[in-house]
Amino acid sequence: MADNQNASVEYIVLTVEQAAKRLNIGRTLMYALVSNGEVESVLIGRLRRIPLDALTRYIARLSDNGTSHPEVA
């Protein structure tokens with residue numbers, strides 16, 4: 001039996017705080033991005049979660065537009 005307790009887990013959905021940490025931005029800005037629909041989120045029961053690929057799509061859109069979020073600059 002393999003010891004999976006020490007294995008690193010890669011989540012496919014993140015809390016708002018985890019998503020903010022991944023983007024290296026503040027929690028307040030992450031909540032704003034979710035609120036205004038710039039970053040997709042889903043409800044799982046009563047929990048708000050950010051799909052990992054939503055972060056990738058958000059960054060790709062920023063790269064395609066050649067812009068960054070004005071509050072981050």
Are Leu55 and Val9 connected in the hydrophobic side-chain network, where two residues link if heavy atoms are under 4.5 Å apart? yes
Are Leu29 and Val16 in one and the same hydrophobic cluster, where Ile, Leu, Val, Met, Phe, Trp and Tyr link if side-chain heavy atoms are under 4.5 Å apart? yes
4.5 Å side-chain heavy-atom contact, Leu33 and Ile25: yes
Considering all heavy atoms, the nearest Val13-Gln18 contact: O-OE1, 4.5 Å
Measuring only between side-chain heavy atoms, which start at C-beta, is Arg22 closer than 4.5 Å to Leu52? yes
So which atom in Leu23 and which in Met30 form the shortest heavy-atom distance, rounded to 0.1 Å? CD1-SD, 3.9 Å
Looking at Arg61 and Glu38, would you say the former's side chain and the latter's main chain have a donor-acceptor pair under 3.5 Å? yes
Give a yes or no on whether Leu47 atom CG has more than 12 heavy-atom contacts from other residues, nucleotides or ligands under 6.0 Å away. yes
Mind listing the closest non-hydrogen atom pair of Ile50 and Thr15 along with its distance? CG1-O, 4.2 Å
Return the minimal non-hydrogen interatomic distance between Ser41 and Pro51, and the atom names on each side. CA-CD, 4.1 Å
Beyond-backbone contact of Tyr31 with Arg48, side-chain heavy atoms, under 4.5 angstrom: no
